[in-house]
Every structure is written in structure tokens, then in C-alpha cells.
Amino acid sequence: MRTHYCGRVTEAFTGQIVHVCGWVHRRRDHGGVIFIDLRDRDGLLQIVFDPDAPEVFAQAERLRSEYVVRVTGRVRARPAGTENANLPTGKVEVLAQEIELLNKAETPPFQLDDDSVGEETRLKYRYIDLRRPQMQQNLRLRHDVVRRIRNYMDANGFIDVETPILTRATPEGARDYLVPSRTHPGHFFALPQSPQLFKQLLMVGGLDRYYQIARCFRDEDLRADRQPEFTQLDVETSFLNMGQIMGLIEGLTRELFREVMQVDLGTLPHMSYAEAMGRYGSDKPDLRNPLELVEIKDLVADSEFKVFAGPAKDPKCRVTALRVPGGGKLSRSEIDAYTALVGQYGAKGLAWIKVNEKGRGRDGLQSPIVKNLSDAALAGILERTAAQDGDLIFFGADKFKVVCDALGALRIRLGADLGFTAPGWRALWVVDWPMFEFDDKEGRWVALHHPFTAPKVFDAAAVENDPGGVLSQGYDLVLNGIEIGGGSVRIHRADIQQSVFRLLGIGDEEAQEKFGFLLEALRFGAPPHGGIALGLDRLVMLMAGANSIREVIAFPKTQTAHDPLTNAPGGVDARQLRELSIRSTVQPPSA
RNA sequence: GGAGCGGUAGCUCAGUCGGUUAGAGUAUCGGCCUGUCACGCCGAGGGUCGCGGGUUCGAGCCCCGUCCGCUCCGCCA
């Protein structure tokens, strides 16, 4: 049927008869001559219809956008002066000798070259949207990444093993997608949030090195970088320490960027969680952005200014300055907008000082709060932030988390708004994570990573006596301020695992009921093991320069987890529910 | 669960202070056109202003409710 892809017919084929198939991208009818841009996955090719062949010409007159055709014709050079430098095939055209209409098409709901079409329309007609070169490119990029991942993992001795999609609900973590069991009335499977436990069992099973391109499911609210089902590269290894596992994954990441993006990421720096929070207010700092938080607790602790002095004396709080070079030019309304931004994160306000002329002391400073601060405090702040004339300094004084969240977000926004964030790629490892964090709302300890993460030192007593002080063997891979992977060395001893469960408020009985199989497996000769999971969608999104993972997923869902194309989720008939021993508490929607 | 922005022609949008027949670009359809490539020119058709209620002599515009889309917070071990 076809001898060449449209996008590959170049001057090398001049004089040849070719058969090409594709969609009518555009028709330009000049009355006496008709041009068709024929499109397939490789690009556009100009087809010319000449009235010397009246039958074919008449057919061409009836062609419409997105009709599917097969064209037979001779490749020829375009007349001098009519080449199109924007097309790879722009030096040639095909003079049509025959055209076969393979299928008609209704008028498309949107034009393929319109890049401002609303996303819901695109998703409803995704099969048309996918014809756009950008989407073709994104999916090919994704394919290329997956292909190279498989090569790398294979070359390093990893075995691809599939784990169950129908599995058990988990007591902690994200909401599960549940699947009712017909054969066990009243019981439910859950779709996996990740293959975490199975991959650990594979290590107990002696597989030694496992990987899987795994689909994961989480029934939580969506974001630009979160879909209810998503894909991760799931990895687990035995008998490797933390550095060795990170080395393998760093090798993979660098290879992907080298081969796919022609970018050398360099050796990835390691940064402790504490340093990341301290300097950037984030556990996933964007190192392309040079702005940094500076601690000023000691400078304002004795101040009359309660807004600063209160938090400065509270060990659960932090008081921080963020210098914005040249920020003195920010208008009052711009500062108000930033105040609204930090308000989203619980900050009660946003103090600031404009440094007009620091040589003049406090008279050279412009600020609503300057009158509240001593000369010594002001001098200390200017010195520690290395402020220059024309700068602006923002302040955060509140609970540790609020200050980190608020100023961390402010830092990102300022970096983007004022152009501080450099282009390019900056990756790093974040390490030395605390094992646990005390959740004030729930009044209990929660795992910062997950409950199977190993502490740095295998000491059950330390875990129970000083949970807040225990660091884990966890590591996150961060790229341009986005977490693209997280992993850890796991707990391979049942006693330590039980201590952790207990600390997290999972009693021995519940642990036995929910995780008995894991605890048992750990007692049957579990090797030391650890691994990681990389978010494939996010990685490809970054590589594609997209700002949503929906752009690199063929059939994504909307923010309410609805698919405008298939209209999923949908109702089911009463008989189906009866078989599953299920009764809905709401009126069934029209199925 | 919460905040913000949006919903007007197939698509992208404008619509003034609440006032006569709701506009533009593009797409579509028809006509003309032999070198275009976002072809051009002429003409035509195309509207449940998301939905429901309210205020008003009069609502695309104001009020209440609701649904949908996007971004964010919560949430996402």
C-alpha cells in the first residue's frame, strides 16, 4: 500500500514513483492547480494535482481536511523559487498520478495547527489531538526513554518481573482504588499504589535485581503533575548499599539525558534534607534558582518586634530572610500579590525591607517594619543577606513548616517572575531524611518516606526512644525542583520493622493482619535490600518541556478523574452490582 | 474539603454603565482563481451566552445555587 512515509520523501527520491498514505493536512485550491499537504507520523509532503489529469484533479477537488488517502505519483524537484525551507520535504513535491480515498472525515472539531485549543476538547477528541506533531513527538520521546531504560537495566543485570494489579488495600498512604471481589462477597482488591511490597518479596525470593515499568494507582486529587494512574520505573536490588543503588540510578539518569537530550548532567551533588529545607525551604530544591533563605533567628530574638521575636524564641519556628537582588523595583501591588501567595501556605503576612541606600543606615531603608528593629538587628540582617542597594529582603517568621512552605514557594515564584532561574538542568540527591515526622493534627508520628525505609543505624531502641532524631537511608532524586524519584534501603529485619509499625501506631495485631506476609517473609532469610521508584511521566514531561504530565500521556484524565473521551467512570447495571454484592448509596447515574 | 481564574458560533476570543437585531478571527459551505504552502478574492450559513432560580420595564452583563475545565492549598506512606 505504501512505499514511503510522507516526511521522508526528500530530493534523494527525485524521479521515483512513490506510494504515500496519510491525512489531508491542508488543501490549497488555485482553480487550475491544487496542492495538498499530506501528513503522516513523519511529517508533511506536498502533493500537486494538475488539470492535465482531469479525473485525478476532479477527485482532488472533493478532498477535505483529514480525509485519509493513498497517493501514487512521481517525486520531482519543485520549480525554482517555490521551495519551502520550513519543511524537510520542502525541496520536492509529488505529482499525483492516482489518488485513492481510503476514508472520509467529518470536519474536525478543532484545527490541528491551533495550539490554543482547550484541553477538554483535545481530550474528548484525543485521537485527533494525537495527530498533532507535538503529541507525536512527546509519545515518541516517551518511547525512546522507556527503550533506553530497558536497555540500561538489562545491561546491569536487572530482571523485569510483573507484579499483581489486583492486590490488598494498604492501611497508610494514599486512598486506594478498590475492586470488588465477586468470589469473596464483601471483600475488595485494591489497585497497587506501587509494587513496593511485592518487589521486596522478590528480593526475599532471590531475584537480586528487579525492575518494572509499573502502572500505579492513587485515588487522590489531581494536579498538573499527578494523575490517578501513572507510570513509574520500579527498581529493587539486594546486597547493595545506599551509595551503590544511587550510583546505578545516577548512571541511568545521566545516560538518559546524554542519549535523549544530549545533555551532560554531571555528577549529582548530595544534599541533606536539613540543608535543603534550610537554604531553599524545600525538600526538592530547584538549584537553577540562586535565591536562598538566610536564618536570622539570633538577630531578632531580643527584638521588641513580637512578630519576629516570638518565633525566634520558639524552637519549633524559624525566622528567615530572603534577599531579592534588584527587588527594590517591585511595586506595592506586586508585593501584595506575593503576600497573597505566601498566605496560601499559612503565612500570616509578608514583611519586607527595601534597601535603597544601605550606607545611610536605617534612613536608607524603606519598610513597614524597620521602626520595630534595632540598629544592630538591621545591620546584622544586611550583613548576613549581603544586601546591596536596590535589593529587597522578604521575611518569614512562623512555624518551621509554614516558613519553609511559604518562602520556598515565594523563592520559586520570584525566580520565575524576575528571571533568576537559569535555563538548563540541575539534578541532585536529597539524603539524610528524618525517619519520622510528628503530625500535630493526628497527634502521632508518621513516616516521612514509607514505613519500610531503613534507619541509618539498625537500632530498635533508638527508633522507639527518639523517633524525631533518627535519620533514614532514604534518597530522593530531584531535577529542576521536581521530585522525579524516591527510594531507600529497606528494613530487612522483622524486629526493626515491627518497632517502626508500633511507632506509627500500627499495633502488632493490625501489623499481623495487614503486613503479616511481609513480616513472615523477613523472618525467612530476607537479604539486605533497597531500591527506588522513578516517576516516568514527570521525567518525560521535563524532557518534553511540557508543564503537565497530561502532555506525555496518551489518554489522561481531567482534574475530577474523568475521561471526556470514554466518559469513564460510568454507571453499571443492577445485575453487575448484585453479582458483586454491592449496593450504592446514591441514585445510579444513567449508565 | 478550600482558594483563585474561566465557561458567549465547530475552535480561539471581544462584548462598554443592565438597553434596539450578541460581534471578530478562524473553520465550514458556495463562487472565482495554474505555483501555493496559515494561498488569495467575493458571498453565505452558523448562538439553549454552561445549567437552574432570582432582581428588573428590560439580564451575556447584577444576585443566589449548581455543574464543568484549569491552577494552587489540603491530600498524595
Side-chain angles (χ1 to χ4, degrees), chain A residues 25-38 44-52 57 64-66 78-87 89-90 93 95 106-125 128 170-176 193-194 196-197 216-228 230 337 340-347 402 405-406 409 412-413 433 435-437 439 441-442 445-453 472 474 483 486 488 500-501 504-506 515 533 535 547-548 550 557-560 562 564:
Chain A
H25 188 67
R26 184 165 277 119
R27 188 187 60 157
R28 291 179 295 280
D29 185 344
H30 288 250
V33 62
I34 296 173
F35 300 98
I36 298 286
D37 289 335
L38 192 64
L44 297 175
L45 175 64
Q46 176 164 286
I47 314 289
V48 189
F49 295 88
D50 192 288
D52 293 349
F57 191 83
R64 295 293 181 267
S65 276
E66 299 306 309
R78 295 195 187 188
T82 65
E83 297 92 349
N84 185 345
N86 298 321
L87 289 182
T89 61
E93 62 192 12
L95 180 62
E106 288 183 18
T107 301
F110 54 87
Q111 292 159 259
L112 272 75
D113 56 1
D114 183 351
D115 52 13
S116 62
V117 179
E119 209 175 341
E120 202 184 2
T121 307
R122 290 176 55 203
L123 292 184
K124 182 169 180 189
Y125 301 97
I128 298 173
T170 46
E172 297 226 356
R175 241 177 247 120
D176 290 306
Q193 298 177 25
S194 96
Q196 180 62 34
L197 296 176
C216 303
F217 306 86
R218 291 176 192 176
D219 186 7
E220 295 293 346
D221 287 344
L222 285 77
R223 289 279 197 287
D225 61 354
R226 279 168 19 192
Q227 283 275 304
F230 60 99
L341 173 73
V342 298
Q344 289 178 28
Y345 298 86
V402 170
D405 289 352
I412 299 290
R413 177 67 70 84
W433 293 71
M435 283 281 285
F436 310 102
E437 196 176 43
D439 186 326
K441 269 177 291 181
E442 301 211 11
W445 294 94
V446 295
L448 214 65
H449 197 60
H450 59 54
F452 317 108
T453 303
S472 78
E483 178 198 332
S488 64
V500 170
F501 282 153
L504 296 175
I506 305 173
F515 297 114
N547 34 27
S548 156
R550 296 186 298 271
K557 292 173 180 60
T558 68
Q559 203 166 42
T560 54
H562 170 251

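Side chains included, hydrogens not; waters and symmetry mates left out as well; all remaining heavy atoms used.
Across all strands shown, G74(B) forms no Watson-Crick or G-U wobble pair with both distances under 3.5 Å. Base pairing annotation: A44(B) forms a Watson-Crick or G-U wobble pair with U28(B), both donor-acceptor distances under 3.5 Å. When both pairing distances are held under 3.5 Å, U20(B) makes no Watson-Crick or G-U pair with any nucleotide shown. Across all strands shown, nothing is found opposite G58(B) as a Watson-Crick or G-U wobble partner with both distances under 3.5 Å. The partner of U34(B), taking Watson-Crick or G-U wobble pairs whose two distances both stay under 3.5 Å, does not exist in any strand shown. Nucleotide G6(B): paired with C68(B) (Watson-Crick or G-U wobble, both distances less than 3.5 Å).
Residue E83(A) is classed as a base contact, given a heavy-atom separation below 4.0 Å to a base. Contact annotation for N84(A): base contact, defined as any heavy-atom pair under 4.0 Å involving a base atom. Within the nucleic acid shown, E93(A) comes within 4.0 Å of at least one base atom, counting heavy atoms only. Counting non-hydrogen atoms under 4.0 angstrom, V446(A) reaches nothing in the nucleic acid. Here Q196(A) lies in heavy-atom contact (under 4.0 Å) with a base. Residue-level contact check: Q46(A) touches the bases, meaning some heavy atom is under 4.0 Å from a base atom. Residue contacts shown for G118(A) are limited to sugar-phosphate atoms, with no base heavy atom under 4.0 Å away.
Nucleotides U26(B) and C73(B), compared at atom C1', are 38 Å apart to the nearest Å. For the P atoms, the distance from G23(B) to A9(B) is 14 Å, rounded to whole Å. If you take atom C1' in G52(B) and the same atom in C5(B), they sit 23 Å apart, rounded to whole Å. Straight-line distance between the P atoms of A22(B) and A59(B): roughly 14 Å, to the nearest whole Å. When the C1' atom is compared between U8(B) and C76(B), the two are found 37 Å apart, to the nearest whole Å. Comparing C11(B) with A3(B), their C1' atoms are spaced 30 Å from each other, to the whole Å. Going from the C1' atom of G10(B) to that of G47(B) covers 12 Å, rounded to whole Å. If you take atom C1' in G50(B) and the same atom in C70(B), they sit 16 Å apart, rounded to whole Å.
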### Query
Which letter, B, S or -, goes with each nucleotide of nucleotides 27-34 of chain B from 5' to 3', with contact meaning a protein heavy atom under 4.0 Å?
SSSS--BB
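Minimum atom distance to the side chain of D37(A) is reached by C37(B), of the listed C37(B), G74(B), C68(B). The listed nucleotides are C73(B), U71(B), C76(B); the one nearest the side chain of Q559(A) is U71(B). The side chain of R550(A) sits closest to U71(B) out of C72(B), U71(B), G35(B). When each of U12(B), G10(B), C75(B) is scored by its nearest atom to the side-chain atoms of P109(A), the top-ranked nucleotide is G10(B). For R28(A), the listed nucleotide lying nearest its side chain is C39(B); candidates were C73(B), G74(B), C39(B). Comparing C68(B), G35(B), C72(B) by their nearest atom to the side chain of E120(A) picks out C68(B).
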Produce the list of close N/O pairs, under 3.5 Å, pairing protein atoms with atoms of nucleotides 41-43 of chain B; give distances to one decimal.
none

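For G69(B), the OP1/OP2 oxygens have a side-chain nitrogen or oxygen of T560(A) closer than 4.0 Å.
The CG-P distance, from L123(A) to C11(B), rounds to 14 Å in whole Å. Between the CD1 atom of I47(A) and the C1' atom of G35(B) there is a distance of 15 Å, rounded to whole Å. Look at NZ on K124(A): it is 12 Å from P on G10(B), rounded to the nearest Å. Regarding D113(A), its CG atom lies at a distance of 19 Å from the P atom of G10(B), rounded to whole Å. The separation between E437(A) atom CD and C76(B) atom C1' is 14 Å, rounded to whole Å. Rounded to a whole Å, the CZ atom of F49(A) is 18 Å from the P atom of C37(B). Rounded to an integer number of Å, the gap from CG of L222(A) to P of C73(B) is 13 Å. Distance CD (Q227(A)) to P (C70(B)): 9 Å, rounded to an integer number of Å.
Residue order along RNA chain B, read from the 5' end via each residue's closest nucleotide, puts L87(A) first among R223(A) and L87(A).
Using a distance-only test at 3.5 Å, with no hydrogens or angles considered, no donor-acceptor pair links the side chain of Q227(A) to the main chain of R550(A).
Applying the 5.5 angstrom centroid cut-off and the 30 degree plane-angle cut-off, the aromatic ring of F110(A) is not stacked upon the base of C11(B).
With sequence neighbours left out, the salt bridge (charged side-chain N to carboxylate O under 4.0 Å, His left out) criterion links R26(A) to D113(A). Residues passing the ring-ring contact (aromatic ring centres under 6.0 Å, His included) test with H25(A), sequence neighbours excluded: none. For E83(A), the side-chain hydrogen bond (donor to acceptor under 3.5 Å, both in side chains) test picks out no residue, with sequence neighbours left out. D225(A) meets the side-chain hydrogen bond (donor to acceptor under 3.5 Å, both in side chains) test with no other residue; sequence neighbours excluded.
Taking the charged nitrogens against the carboxylate oxygens, D37(A) and R27(A) have no contact shorter than 4.0 Å, which rules out a salt bridge. No salt bridge links E220(A) with R226(A); every basic N to acidic carboxylate O contact stays at or beyond 4.0 Å.
The structure places CG of D29(A) at 8.5 Å from CD1 of I36(A), a figure rounded to the nearest 0.5 Å.
Looking at Q193(A) and D176(A), their side chains do bring a donor and an acceptor atom within 3.5 Å of each other.
Counting atom types as modelled, R78(A) pairs a side-chain N or O with a base atom of C37(B) as donor and acceptor under 3.5 Å. In this model, no side-chain donor or acceptor of R218(A) finds a partner on the base of C76(B) within 3.5 Å.
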